[in-house]
Asker: 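Below is a structure I'd like to ask you about.
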Amino acid sequence: MKKTFRLLRAGFSLIEVNMAIFVLAGGALALLGLFPIGLRDSLASRQEMRVAAFADRFLGAVKIAAAEAEDLDDLKAIVKDIMDTSPGFEWSDDAGEQPDTDGNGGDLDATEDESGVFYRAWADWDSAWNGENGSQYMGNQRMIEVGILVTGENAKQNKRALLTASSYGMRVTIDPTNVSN
């Protein structure tokens, strides 16, 4: 009789099996919940890489153009040729300022690059260095401020995209007398 009692006790009860299944299912669901987070972070980092690469390409083009340009219009044309984006690279005329026609914080238009990057680029004479005093200290050289706002979000669909965009800027010097054509 003692032997049969031991045979009946061998194995797991239904409650123990159910508990094990629930623990495994909970762990599997927790792991499945991490996949969307990882995918979202992966897409965001890819977008940030495109934005940084575009900005780096733009600033490199500005440096090259500054060595060859005779004036502001020439600098813009050289940068536009170097960037060679599809659709064509566009400059904004308003130095980064945006009118607020609808009362919602500005009409943020942006140009889309073929890589999915939205940007607003501007260049203007640096008024602090190009006045009478600037001419006295800099001779023939002229200082130009160049800036760009870059984002991976569609600025035409999301008005806040360029308000939270990465901005890059630099000053370059143009010397029309030192241009080697």
Asker: Compare every heavy atom of Ile82 with every heavy atom of Ala61, then report the nearest pair and how far apart it is.
Answerer: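 In terms of heavy atoms, the two residues are closest at CB-CG2, 3.5 Å.
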Asker: Just by modelled atom types, is the Glu90 backbone N or O under 3.5 Å from a matching donor or acceptor in the Tyr119 side chain?
Answerer: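 Yes; at least one donor-acceptor contact below 3.5 Å.
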Asker: To the nearest 0.5 Å, what is the distance between NZ (Lys63) and CZ (Phe58)?
Answerer: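 The distance works out to 12.0 Å.
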Asker: So how far is it from Lys76 NZ to Trp91 CH2, rounded to the nearest 0.5 Å?
Answerer: 7.0 Å
Asker: Applying a strict under-4.5 Å side-chain criterion to I, L, V, M, F, W and Y, I'd like to know whether Val146 and Tyr168 cluster together.
Answerer: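 Yes, Val146 connects to Tyr168 through the hydrophobic network.
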Asker: Rounded to the nearest 0.5 Å, what separates atom CD1 in Ile64 from atom CG in Asp81?
Answerer: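 Reported value, rounded in 0.5 Å steps: 12.0 Å.
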Asker: Stepwise, does the side chain to side chain contact (heavy atoms under 4.5 Å, CB included) test hold for Leu149 with Trp122?
Answerer: CA-CA 9 Å; Leu149 288 172; Trp122 64 91; 4.0 Å; yes
Asker: Within the 4.5 Å heavy-atom criterion, are Phe54 and Ile148 side-chain neighbours or not?
Answerer: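 Yes. Closest side-chain heavy atoms under 4.5 Å.
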Asker: Once rounded to the nearest 0.5 Å, what's the spacing between atom CG of Leu72 and atom CH2 of Trp125?
Answerer: 5.5 Å
Asker: Can Phe118 and Val150 be said to form a side chain to side chain contact (heavy atoms under 4.5 Å, CB included), step by step?
Answerer: CA-CA 6 Å; Phe118 292 84; Val150 191; over 6 Å; no
Asker: Does atom CE of Met49 have more than 12 heavy-atom neighbours from other groups under 6.0 Å away?
Answerer: no
Asker: When you measure from the side chain of Asp56 to the backbone N and O of Ala52, does any donor-acceptor pair fall under 3.5 Å?
Answerer: no
Asker: If you take all heavy atoms of Ala123 and Ile144, which pair is closest and at what distance?
Answerer: CB-CG2, 4.2 Å
Asker: So, do Met143 and Thr173 sit near enough that their side-chain heavy atoms are less than 4.5 Å apart?
Answerer: yes
Asker: Would you mind reporting whether Met170 and Leu59 have side-chain heavy atoms less than 4.5 Å apart?
Answerer: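 Of all side-chain heavy-atom pairs linking Met170 with Leu59, at least one is under 4.5 Å.
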Asker: Can you find a heavy atom in the side chain of Leu75 that is under 4.5 Å from one in the side chain of Ile174?
Answerer: yes
Asker: Establish whether Leu31 and Leu24 are linked, either directly or via other cluster members, by ILVMFWY side-chain heavy-atom contacts under 4.5 Å.
Answerer: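 Each belongs to a different hydrophobic cluster.
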Asker: Side chains of Arg50 and Gln47: closer than 4.5 Å at any heavy-atom pair?
Answerer: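 Yes; the side chains approach each other to less than 4.5 Å.
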Asker: Other residues, nucleotides and ligands only: do more than 12 of their heavy atoms fall within 6.0 Å of CG on Leu34?
Answerer: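 Enclosed: over 12 neighbouring heavy atoms sit under 6.0 Å from CG of Leu34.
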Asker: How long is the gap from CG on Leu14 to CD on Glu16, to the nearest 0.5 Å?
Answerer: 10.0 Å
Asker: Hey, could you give me the CG/CD distance between Leu43 and Glu48, rounded to the nearest 0.5 Å?
Answerer: 11.5 Å
Asker: Measure from the side-chain N and O atoms of Glu68 to the backbone N and O of Ala65, and report whether any donor-acceptor pair falls under 3.5 Å.
Answerer: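 Between the backbone of Ala65 and the side chain of Glu68 there is no qualifying donor-acceptor contact (under 3.5 Å).
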Asker: Is a side-chain N or O of Arg142 found less than 3.5 angstrom from the main chain of Asp71, in a donor-acceptor match?
Answerer: no
